[in-house]
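Report on one structure; see the data block that follows.
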Amino acid sequence: MVNFLRKTWLALSLILLCTGVHAEVYSDVSGGTEWRLDTETGVLTISKREGGSGITEDYLAKWCDYNNCERCNETFSIYSRCEESRAPWYNYRSSIKTIIVEEGVVELETAAFRDLTNVTSVSLPTSLTTIGHEAFRNCTSLDSIYVPKNVCNLKDRWVTECSDLSVIEIDKANQCYFVDKYGAVYTKDTTTLVVLPQDMIINELIIIDGVTSFATDALYGHKHLTQLRLPASMTVVEYGALDNMKSLKTIYF
């Protein structure tokens, strides 16, 4: 009987060892901010460091090319294969489902949350003024994002390759950006189309009169758009603005 109980306990111990989930909490300093990741809840929290600037570190330390990053497989490949350019939580990216940026943080620098493909929810504070280049690039599970009222600097490619993104909401008190009836984001002076969410269900987009330019990657990879109408005021289409639009059939000039 004793041997039976020992064998049973050993078997149960092995099962628990193999199937148990061991949650970990990681934390560190990132520029003028601090970060904390709870792998059990999947919550990554960014907060202003005491005495810090409230600005995260710039995670795109350099452009990769054949000469300065041996792991790059294509000329001028940005960030993806350069370990030194990745955010400190990058190695735990499969665990991150929610991003909470707390009050006091004023700037999310380049590539802050790039490639966090399991993130479904983002909370940004009213203190935030800048969302950096490629900050949320390739967050493929993110379907919506809310931009607070004080954000007046949405840098290029901030939500490029967010393939499930269907809604970008801009706070009504924001003095720099707004969303039109189609769901496209423009600068407040209506001179620039900033971005159209990649998975927004829309077949035809009529650009507002007065728009003179598209931001970089403004319509990149849009899944559903078949017709695009440009105003007479349009003079500049930035790099990548119309790339990878597989459904687009007609552009009216």
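Values below: all heavy atoms of this structure, side chains included; hydrogens, waters and symmetry mates excluded.
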Please report the closest heavy-atom contact between [X] and [Y], naming both atoms and the distance.
{"X": "Leu193", "Y": "Ala184", "value": "CD1-CB, 3.7 Å"}
{"X": "Glu107", "Y": "Lys155", "value": "OE2-NZ, 4.4 Å"}
{"X": "Val105", "Y": "Pro125", "value": "O-CG, 3.9 Å"}
{"X": "Ala87", "Y": "Ala112", "value": "CB-O, 3.7 Å"}
{"X": "Ile208", "Y": "Pro231", "value": "O-CG, 3.6 Å"}

Side chains of [X] and [Y]: closer than 4.5 Å at any heavy-atom pair?
{"X": "Leu124", "Y": "Ile131", "value": "yes"}
{"X": "Leu242", "Y": "Phe214", "value": "yes"}
{"X": "Val195", "Y": "Trp158", "value": "yes"}
{"X": "Thr98", "Y": "Thr41", "value": "no"}
{"X": "Leu165", "Y": "Asp199", "value": "no"}
{"X": "Leu225", "Y": "Ile202", "value": "yes"}
{"X": "Met234", "Y": "Val211", "value": "yes"}
{"X": "Phe113", "Y": "Ile46", "value": "yes"}

Spell out, yes or no, whether [X] and [Y] are grouped together once hydrophobic residues are joined by side-chain heavy atoms under 4.5 Å, including indirect joins.
{"X": "Tyr182", "Y": "Ile170", "value": "no"}
{"X": "Val185", "Y": "Val237", "value": "no"}
{"X": "Ile100", "Y": "Leu44", "value": "no"}
{"X": "Tyr186", "Y": "Leu219", "value": "yes"}
{"X": "Met245", "Y": "Phe253", "value": "yes"}

Ignoring hydrogens and geometry, is there a side-chain-to-backbone donor-acceptor pair from [X] to [Y] under 3.5 Å?
{"X": "Asn174", "Y": "Pro148", "value": "yes"}
{"X": "Ser141", "Y": "Thr117", "value": "yes"}
{"X": "Arg114", "Y": "Asn138", "value": "no"}
{"X": "Thr110", "Y": "Gly132", "value": "no"}
{"X": "Thr212", "Y": "Ser233", "value": "no"}
{"X": "Ser166", "Y": "Asp143", "value": "yes"}
{"X": "Asn244", "Y": "Tyr220", "value": "no"}
{"X": "His222", "Y": "Met200", "value": "yes"}
{"X": "Thr140", "Y": "Ser163", "value": "no"}

- Query: Any side-chain donor paired with an acceptor under 3.5 Å for Thr126 and Glu103?
  - Reply: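 Side-chain D/A pair, Thr126 to Glu103: present.
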- Message: Before you tell me yes or no, could you show the steps for Ser213 and Glu238 under side chain to side chain donor-acceptor pair (under 3.5 Å), namely the whole-Å CA-CA distance, both residues' side-chain angles and the distance that decides it to 0.1 Å?
- Response: CA-CA 7 Å; Ser213 65; Glu238 290 289 352; 5.8 Å; no
How many angstroms lie between atom [atom1] of [X] and atom [atom2] of [Y], to the nearest 0.5 angstrom?
{"X": "Thr250", "Y": "Leu248", "atom1": "OG1", "atom2": "CG", "value": "7.0 Å"}
{"X": "Lys223", "Y": "Gln198", "atom1": "NZ", "atom2": "CD", "value": "6.0 Å"}
{"X": "Thr216", "Y": "Glu134", "atom1": "OG1", "atom2": "CD", "value": "10.5 Å"}
{"X": "Phe136", "Y": "Thr160", "atom1": "CZ", "atom2": "OG1", "value": "13.0 Å"}
{"X": "Tyr26", "Y": "Asn91", "atom1": "OH", "atom2": "CG", "value": "9.5 Å"}
{"X": "Ser27", "Y": "Glu34", "atom1": "OG", "atom2": "CD", "value": "8.0 Å"}

- Query: Picking from Ile99, Val151, Thr130, Leu128, what satisfies side-chain contact (heavy atoms from CB on, under 4.5 Å) with Leu108?
  - Reply: Leu128
- Message: Assess whether a salt bridge exists between Glu102 and Lys48, defined as any Lys/Arg side-chain N lying under 4.0 Å from an Asp/Glu carboxylate O.
- Response: no
- Message: Quick one, Cys162 with Cys139, criterion disulfide bond (SG atoms under 2.5 Å apart). Give me CA distance, side-chain angles, the key distance, then yes/no.
- Response: CA-CA 5 Å; Cys162 292; Cys139 290; 5.1 Å; no
- Please step through side-chain contact (heavy atoms from CB on, under 4.5 Å) for the pair Asp217 and Asp156, ending with a clear verdict. CA-CA 7 Å; Asp217 286 1; Asp156 290 344; over 6 Å; no
- Query: Quick check: are there more than 12 heavy atoms from other residues, nucleotides or ligands sitting under 6.0 Å from NZ of Lys149?
  - Reply: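 Counting neighbours around NZ of Lys149, 12 or fewer heavy atoms of other residues, nucleotides or ligands fall under 6.0 Å, so no.
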- Item | Verdict with reasoning, Val106 to Ile55, per side-chain contact (heavy atoms from CB on, under 4.5 Å) | CA-CA 6 Å; Val106 296; Ile55 301 174; 3.7 Å; yes
